Number of protein chains: 2
Amino acid sequence: MTEPLDADMFDAMCPSGALPFQIGDKWTEMIVICLADGPRRFTELRVPLGAITPKVLSATLRAMRRDGLVTRTAYDENPPRVEYELTELGRSMLLLIDAVRAWSSQYLPAILAARQASERLDA
Amino acid sequence: MTEPLDADMFDAMCPSGALPFQIGDKWTEMIVICLADGPRRFTELRVPLGAITPKVLSATLRAMRRDGLVTRTAYDENPPRVEYELTELGRSMLLLIDAVRAWSSQYLPAILAARQASERLDA
DNA sequence: CTGAATCCGACTTGATACTG
DNA sequence: CAGTATCAAGTCGGATTCAG
């Protein structure tokens, strides 16, 4: 259920900067996807997110907690362990994220083609 | 079909800043919605967009043209007239925008409530 | 009417280093 | 392990002014 996250899991989504649909800030969508299969630890999330700095991950998770998208559970152990988990509200985003991904796979190539065509006009 | 746009048509959507789904940049979604019923002129678009500056509207439309979302048609008249119209690609976003809006009407209140609850903890 | 040119402040993101 | 503190850089939207 909660196997280790693949460090390359977002590499294939590279042209996401061209996608006209953005979920939250730069990282929210990926974090939601990472948490889809169950709770994850702080460092565990850093693996697939391409060397996100701890400050940014911390800030993003705090904003998501504030909006009720994730919960944070700290275990009083040594070494410390903290787990983040999607709330029902956060989980409700998964369906819409799937819809966005479906739209992307269908239409993103057209956007990239239009972009390259207009680049040729500039030259 | 293309009745004048209401200057208040986006006032009810005010808490859109809290929405975790963003379409393009700040204005792209609203422009797509404004063009849903047919072509619109430059100044016509400025009405419902709450005093968007011409520079920003121009830049947004240029980016949308570059991505193949809208077409621009200039008529050689005096005074000059320019019309923007959704392409098929741009029109394909409408379904997804509807899905985002449906999600919003269902879950955005929960986000706002969670946000207010965490504000009370800060105080 | 439909923009373009310039300047600017605010916000976002990241690099780096440090702590309980 | 799980963050925080500080600093630097880039980007975006906007105000203002001017032009075809």
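Per chain, numbering begins at 1; letters A, B, ... match sequence-line order. The structure displayed is predicted, hence computed values, not measured ones.
- In this view, Glu85(B) satisfies the salt bridge (Lys or Arg N to Asp or Glu O under 4.0 Å) rule with no residue, not counting sequence neighbours.
- Within the structure, a side-chain polar atom (N or O) of Tyr84(A) is placed less than 4.0 Å from OP1 or OP2 of dG3(D).
- The nearest whole Å value for the distance from the CZ atom in Arg46(A) to the C1' atom in dT4(D) is 13 Å.
- Under the ring-ring contact (aromatic ring centres under 6.0 Å, His included) criterion, no residue pair touches residues 62-97 of chain B, with sequence neighbours excluded.
- Using a 4.0 Å heavy-atom cutoff across all strands shown, Val82(B) reaches sugar-phosphate atoms only and no base atom.
- Here the straight-line distance linking atom CG of Leu86(B) with atom CG of Leu69(B) works out to 8.0 Å at 0.5 Å rounding.
- Listed by residue number, the members of residues 61-77 of chain B with any heavy atom below 4.0 angstrom from DNA chain C are Arg62(B), Arg72(B).
- Per the geometry, CD belonging to Glu44(A) stands 12 Å off C1' belonging to dC1(D), to the nearest Å.
- Under the salt bridge (Lys or Arg N to Asp or Glu O under 4.0 Å) criterion, Arg81(A) pairs with Glu77(A), Glu83(A), sequence neighbours left out.
- If you check dA2(D), dG13(D), dC1(D) against the side chain of Pro79(A), the one that comes closest is dC1(D).
- The CD-P distance, from Gln22(A) to dT12(C), rounds to 11 Å in whole Å.
- Taking every side-chain heavy atom of Thr43(A) into account, dC1(D) is the closest of dG13(D), dG3(D), dC1(D).
- Rounded to a whole Å, the CZ atom of Arg81(A) is 17 Å from the C1' atom of dG3(D).
- Checking the phosphate oxygens (OP1, OP2) of dC1(D), no side-chain nitrogen or oxygen of Arg41(A) falls inside 4.0 Å.
- When rounded to the nearest whole Å, the span between CD1 of Ile52(A) and P of dG3(D) equals 13 Å.
- By the 4.5 Å heavy-atom criterion applied to side chains, Ile111(B) and Pro20(B) are counted as neighbours.
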Indicate every side-chain donor-acceptor pair of residues 90-98 of chain B with a distance under 3.5 Å to a residue at least two apart or in another chain.
from     : atom 1 : to        : atom 2 : distance (Å)
Arg91(B) : NH1    : Ala36(B)  : O      : 3.3
Ser92(B) : OG     : Trp103(A) : NE1    : 3.2
Ser92(B) : OG     : Leu89(B)  : O      : 2.6

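- At a threshold of 4.0 angstrom between heavy atoms, the contacts of Asp25(B) are confined to the sugar-phosphate backbone, with no base atom among them.
- Proximity note for Ser58(B) (side chain, C-beta onward) versus dG3(C), dC1(C), dA2(D): the nearest is dG3(C).
- Taking the side-chain contact (heavy atoms from CB on, under 4.5 Å) definition, one finds that Ser58(B) meets it with Phe42(B), Arg62(B), sequence neighbours left out.
- Defining each end axis of the helix from dC1(C)-dG20(D) to dG20(C)-dC1(D) as the rotation carrying four pairs' C1' atoms onto the next four, with five pairs an end, the two axes are found to diverge by 50° to 10 degrees.
- Leu57(B) places its CG atom 10 Å from the P atom of dT2(C), with the value rounded to the nearest Å.
- Under the 4.5 Å side-chain criterion, counting only non-hydrogen atoms from C-beta, Leu57(B) is in contact with Ile31(B).
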Tabulate atom names and distances for all N/O pairs under 3.5 angstrom spanning the protein and nucleotides 15-20 of chain C.
none

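- By the side-chain contact (heavy atoms from CB on, under 4.5 Å) test, Asp6(A) is found to be paired with Asp8(A), Met9(A), residues two or more places apart in sequence or in another chain being considered.
- Rounding to the nearest 0.5 angstrom, the gap separating the CZ atom in Arg65(B) from the OG1 atom in Thr87(B) is 12.5 Å.
- Using a 4.5 Å heavy-atom threshold, the side chains of Thr60(B) and Lys26(B) count as separate.
- Qualifying salt bridge (Lys or Arg N to Asp or Glu O under 4.0 Å) partners for Asp67(B), counting only residues two or more places apart in sequence or in other chains: Arg115(A).
- Lys26(A) has its NZ atom 7 Å from the C1' atom of dT13(C), to the nearest Å.
- Put simply, CD on Glu83(A) is 13 Å from C1' on dC1(D), counting in whole angstrom units.
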